[in-house]
Each structure stands twice: as C-alpha cells, then as structure tokens.
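Atoms considered below: every heavy atom in the structure, side chains included; atoms not considered: hydrogens, waters and symmetry mates. It should be emphasised that the depicted structure is a prediction, and the values quoted were computed from it without experimental measurement. Just so we're on the same page: letters track the sequence lines, and every chain starts at 1.
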Amino acid sequence: MMGKGRAQAMGSRRAELPSRVDIAIIGGGIMGLSTAYHLSRISSLKVAVLERSYLVSGASGRNGGGLRMQWGDEGNVALMMESIEMCRGLAQELGINLWFRQGGYLFLARTEAGESRLTRNAELHHRLGAPTRLLSGAEALEIVPQLDVSDVRLAAFNPEDGVVFPWPFVWGYAGQAVSRGVTVRTHTAVDRIEGLADGLRLHLSTGERLDADRVLNATGAWSIELNRSLGIELPNHPHRHEIMSSEPLKPFLDPLVVDLATGLYFSQSTRGEIVAGITMPDEGPPATEVDLASSRRFLAHLGRALTTIMPLTAQLRVLRQWSGPYDVSPDGDAIVGPSPGLPRLYQVCGFTGHGFMMAPAVGKLLARLLAKGERHPMLERWDPARFSRGGSTRREDMIIG
Amino acid sequence: MPRRSFVCRCEDVTLLELDHAIELGLSEVEELKRYTGLGTGPCQGKECMSVLVSHLVRRGLVDPTTVQPFTARPPTEPVTLGALAAGLPAEPES
C-alpha cells in the first residue's frame with residue numbers, strides 16, 4: 001500500500017532520548033508530528049516527540065479525512081486554503097502515498113437557515129478567492145446523480161476541497177521528522193511535569209527524565225488531563241464522535257457530501273470505501289473523559305439519514321465502525337500558544353473535530369512561532385488566555401459532526 | 001518461495017510489504033495494520049490476522065503467550081445500511 005522508495009524509519013519505543021532538548025512535544029498525532037517536521041525544516045532546534053501509545057493511535061487515526069475551505073469564518077477559510085495548497089505537493093515531500101483526492105465538498109441545505117448560511121459563505125469565499133459556487137438541487141444532481149434532492153433548497157460546491165486517508169499522513173510526517181534528526185519515542189507517557197529554573201522536566205512512564213526549554217502539549221482531547229495536573233484550567237472537553245466505513249466500491253462518488261440539516265457527511269475514499277458520520281441527537285452533558293465506545297444507535301441513526309438522502313445506499317454494507325474524540329473548544333476556535341501561568345508550556349489543542357485538516361498549516365505556523373517568534377494572524381484569536389480575559393467570541397458556525 | 005506472497009488478500013498486502021514495515025521499526029499488530037492497511041478489507045482480519053501473528057512470532061517480534069489481535073470493530077459481519085436504518089429504536093437509548 002505504501003511507497004517503498006523513500007520511506008524512513010518511524011518512531012520507536014527504542015528511540016534513544018537525549019537528556020535535554022529545546023522543544024519536547026507531547027503527543028505523536030498529526031499536530032505534534034507536523035510541528036516537529038516543520039521545526040526540523042526551518043531551525044536547528046533539538047526536538048523530541050513523546051507518544052504514549054503507538055503512532056496513529058489517537059484522533060489522527062480515527063477521523064474521516066476530509067479537507068475543506070468551505071468555512072463560515074474568514075480566518076478559517078484562509079487557513080484551509082493554505083492547508084489544501086500545502087497538500088498538493090505533500091505526498092512527494094513526505095515520500096508516501098496520502099491518497100489525497102480533490103473531489104470537492106458538496107453542502108446541501110434543506111432549511112431556510114441552511115440556505116442563508118450557504119449564501120453568506122459563498123460571498124465570503126468569492127471575496128477570498130475560494131472557488132465555491134452555489135447550485136440548485138438539480139445542478140447538485142449533475143455532480144452526484146444518486147442523491148434525492150427533492151427538498152434541497154440550495155447546494156454549495158467547492159471543487160478544491162477533498163479527502164485523504166489519514167494514516168499515511170501521520171507516518172509521512174513521522175518518517176521525515178526522524179530522518180531530519182527529530183527523536184520520536186513511542187510507548188512512553190509523561191507522568192508528571194516539574195518546573196525548573198531554566199525549563200521544564202518531564203518525568204516519563206519508563207522512569208526516564210527529559211528536560212526541555214519549552215514543551216508543546218499536542219495531546220488533543222487528552223490535553224485536559226495533562227493541563228489539570230499542572231493547575232492549568234482550560235475550557236475544552238472531549239466529545240465522542242462515531243464514524244463508519246463500508247465495503248469498497250468502484251469509484252462513483254466524487255465529492256464529500258454534507259447534509260446541513262442532519263449533520264450527516266459521507267465521502268468515498270480513494271480506497272473505495274464510503275466513510276460516513278453524523279451529528280447525534282440527545283447526547284447529554286459534556287464529557288470529562290475520552291470515551292471510545294461504539295453504538296448500534298449510531299449506525300441506525302446514520303443509516304436512516306444516509307438512505308434518505310441517497311436511497312441506493314440501503315444495499316451498502318457496513319464493514320466497521322469506531323469512534324474518536326473531538327477536542328471541543330467552547331467558542332469553536334482552537335487553543336494555541338503559551339499557557340496562562342506557565343508560558344514555557346505551549347498548547348495546540350481545542351480544534352473541535354477539525355484539527356486534522358488544519359494540521360499541515362498549523363504545524364508550519366507553530367514551528368515559525370517556536371523557532372522565530374513569528375505570529376500568524378490566527379494566533380491572536382487562538383490565545384489560550386482569551387477565556388479568562390473574557391475575550392472569547394464564537395465566529396464559526398460550520399463545525400460539522 | 002514465490003516472488004509475491006499475499007498476507008492480506010482483501011487489501012493486497014504482500015509479505016514483502018509487511019517485512020518492509022518491520023524494517024522501519026514497526027512490530028505491533030495495531031501499528032502494522034495502520035501502516036500496511038492489512039485487515040481493513042471485507043474480511044476485517046479474519047483471514048490475515050493469524051498469518052500476521054505467525055509471522056511476527058516466527059521473527060521473534062511478539063510473545064506468543066501475550067500477543068493480542070487488533071481491536072475487533074462492530075458489526076461482526078457486514079450489515080446493510082437499509083437493515084440498520086430499519087432498526088432505529090423509537091426512543092433514544094440512554
């Protein structure tokens with residue numbers, strides 16, 4: 001499945017850790033590894049990544065692999081235009097097949113509220129240079145002839161949005177980071193963090209210690225646990241999101257389709273599977289811990305929504321279902337930058353289920369911040385201190401799932 | 001041995017590709033699944049799991065007394081979305 005030519009050694013439980021690094025990254029998911037990769041490209045900083053399980057064990061190995069520039073907020077549109085642009089050359093850069101396919105995202109609005117969201121977005125996208133166009137239900141049928149568009153009021157299509165297969169993305173960043181001198185140590189958890197006069201000391205589950213000038217918390221939905229042990233109170237929380245994959249079919253579905261009314265999304269991966277998820281009703285109070293259970297209720301709910309909007313999927317067989325954690329930020333914006341009260345500990349969390357698609361751009365901007373002090377415009381609104389200052393504003397209403 | 005031996009017939013993973021992944025430092029069932037794609041096709045590992053584990057044992061990479069298969073995902077057998085949709089309970093489960 002993977003290319004053989006330029007693949008590099010991956011992280012390992014046997015990777016030797018130096019006693020001190022400039023930057024220690026906790027979490028071997030796509031955020032941590034993308035940042036490590038970019039740091040190795042633009043600086044000579046000594047970097048180590050610590051993953052408590054195997055690579056791809058967390059949310060980076062559990063998401064649907066969609067990448068879209070169709071957001072409702074200017075900053076997110078611009079960020080995702082950059083991320084998708086980076087993905088065009090990324091397979092070659094990382095030396096691995098990412099199964100990146102730009103089949104577009106097709107949003108369907110079946111309510112008046114949905115219709116006005118798509119209209120507003122299209123104006124914004126046009127102004128920013130994203131090629132989104134509004135379509136009637138009949139025009140949407142030209143892109144996906146199998147849809148039931150009888151109550152679709154308006155659709156929006158952006159041909160440059162797309163899908164990837166998430167696993168090789170993570171392996172690709174890890175392999176390139178290792179080949180450029182980054183230490184990637186798996187199966188090693190951080191038990192405790194101790195403040196030093198000139199840095200932070202990480203006490204590891206293996207009995208080892210690692211000292212670092214600065215530490216990056218890239219553990220996503222697991223970040224809450226680590227932050228709380230340090231007295232850092234941030235308002236993100238884990239949210240269980242279920243997803244499924246079908247038997248592989250011949251390619252027939254170009255775009256990832258989103259039904260705004262139900263929060264249903266589905267796409268066909270380059271491997272042929274239909275990958276689908278949906279917003280679940282009546283989910284109860286916010287969770288405090290990561291929960292990765294799967295439910296029959298999810299498959300039933302998803303089955304009803306998908307077979308309604310695309311009736312031929314009634315014959316489609318589900319091969320497997322699993323779940324992954326969204327790392328939900330209360331205002332929908334990520335939490336990135338120095339921690340309140342502990343500035344040597346940087347956060348890169350709170351991406352609210354959409355971190356994977358943003359990670360190519362975020363890794364790059366974060367590396368520039370850590371290595372050169374350059375501040376990307378998004379860092380202002382992503383400031384972890386905004387919640388305690390009362391500066392939190394909800395700007396985005398296109399969070400799906 | 002023939003030039004190409006398939007370990008996973010659903011996803012066309014060959015013995016050579018598996019050995020290549022092992023050379024990169026991967027040795028666990030879960031990570032080898034996620035690097036090679038082995039076990040992610042229609043049989044969901046029912047055919048290839050034992051081949052994989054035998055190979056890892058033969059190469060001395062796992063302990064045969066403790067090695068576990070990768071997490072089994074529901075459903076046990078492929079089920080159509082139509083059948084699943086018909087099973088939606090009237091009241092949400094708690």
Task: Test side-chain contact (heavy atoms from CB on, under 4.5 Å) applied to Trp167(A) and Lys33(B), step by step - done: CA-CA 10 Å; Trp167(A) 295 345; Lys33(B) 166 188 167 182; 3.9 Å; yes

TODO: Return yes when atom CD of Glu289(A) has more than 12 non-hydrogen atoms of other residues, nucleotides or ligands closer than 6.0 Å, and no otherwise.
DONE: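 It does not: Glu289(A) CD has 12 such atoms or fewer within range.
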
Open item on the list: Within the supplied structure, the quantity of interest is the number of heavy atoms (other residues, nucleotides, ligands) at a distance under 6.0 Å from Arg9(B) CZ; does it exceed 12?
Closed with: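 Incorrect, the count does not exceed 12.
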
Open item on the list: Using a 4.5 angstrom heavy-atom cutoff, name the option from Ala21(B), Pro75(B), Gly25(B) with the most pairs to chain A.
Closed with: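 Maximum pair count with chain A is reached by Pro75(B).
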
- [ ] For Leu302(A) and Leu81(B), run side-chain contact (heavy atoms from CB on, under 4.5 Å): C-alpha distance rounded to whole Å, both residues' side-chain angles, the deciding distance at 0.1 Å, then the answer.
- [x] CA-CA 8 Å; Leu302(A) 179 123; Leu81(B) 280 171; 3.9 Å; yes

- [ ] Indicate yes or no for a side-chain donor-acceptor contact from Trp171(A) to the backbone of Arg34(B) under 3.5 Å, with no hydrogens or angles considered.
- [x]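 Yes.
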
Please round to the nearest 0.5 Å and tell me the distance separating atom [atom1] of [X] and atom [atom2] of [Y].
| X | Y | atom1 | atom2 | value |
| --- | --- | --- | --- | --- |
| Arg320(A) | Thr76(B) | CZ | OG1 | 14.5 Å |
| Ser57(A) | Glu30(B) | OG | CD | 9.0 Å |
| Arg73(B) | Ser323(A) | CZ | OG | 7.5 Å |

- [ ] Under 4.5 Å, counting heavy-atom pairs only, tell me which of Thr313(A), Thr308(A), Leu319(A), Val170(A) racks up the most with chain B.
- [x]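 Greatest number of close heavy-atom pairs with chain B: Leu319(A).
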
Task: Contact leader toward chain B among Arg14(A), Glu273(A), Gln315(A), where contacts are heavy-atom pairs under 4.5 Å - done: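 Top count of heavy-atom pairs under 4.5 Å with chain B: Gln315(A).
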
- [ ] Answer with side chain, backbone, both or neither: which region of Leu306(A) has an atom nearer than 4.5 Å to a non-hydrogen atom of chain B?
- [x]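 For Leu306(A), side-chain heavy atoms alone lie under 4.5 Å from chain B.
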
- [ ] Would you mind checking which part of Met244(A) comes under 4.5 Å of any heavy atom in chain B, side chain (CB onward), backbone (N, CA, C, O), both or neither?
- [x]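 Just the side chain, heavy atoms under 4.5 Å.
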
TODO: Side chain from CB out, backbone as N, CA, C, O: work out which of these in Thr40(B) comes under 4.5 Å of a heavy atom of chain A, or both, or neither.
DONE: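 The answer is both parts of Thr40(B).
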
Task: Ala85(B) versus Gly303(A), closest heavy-atom pair with distance - done: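 Between these two residues, the closest heavy atoms are CB-C, 3.5 Å.
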
Open item on the list: side-chain contact (heavy atoms from CB on, under 4.5 Å), that's the test. Do Glu28(B) and His187(A) meet it? Break it down for me.
Closed with: CA-CA 11 Å; Glu28(B) 287 194 11; His187(A) 300 87; 2.7 Å; yes

TODO: Report yes if some heavy atom in the side chain of Leu316(A) is under 4.5 Å from a heavy atom in the side chain of Thr80(B); otherwise report no.
DONE: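 In short, these two side chains do not touch, never coming nearer than 4.5 Å.
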
- [ ] With a 4.5 Å heavy-atom cut-off (strictly below), which parts of residues 41-55 of chain B touch chain A? List them by number.
- [x]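 The stretch touches chain A at Gly41(B), Pro42(B), Gln44(B).
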
Open item on the list: Suppose we screen for ring pair (Phe, Tyr, Trp, His ring centres under 6.0 Å). Which residues come up paired with Tyr54(A), at least two apart in sequence or across chains?
Closed with: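 Partners of Tyr54(A) by the ring pair (Phe, Tyr, Trp, His ring centres under 6.0 Å) criterion come out as none, since no residue qualifies.
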
Open item on the list: Under the criterion side-chain contact (heavy atoms from CB on, under 4.5 Å), I'd like the reasoning laid out for Arg317(A) against Glu77(B): C-alpha separation, chi angles, the key distance, then a yes or no.
Closed with: CA-CA 9 Å; Arg317(A) 293 187 300 172; Glu77(B) 289 182 1; over 6 Å; no

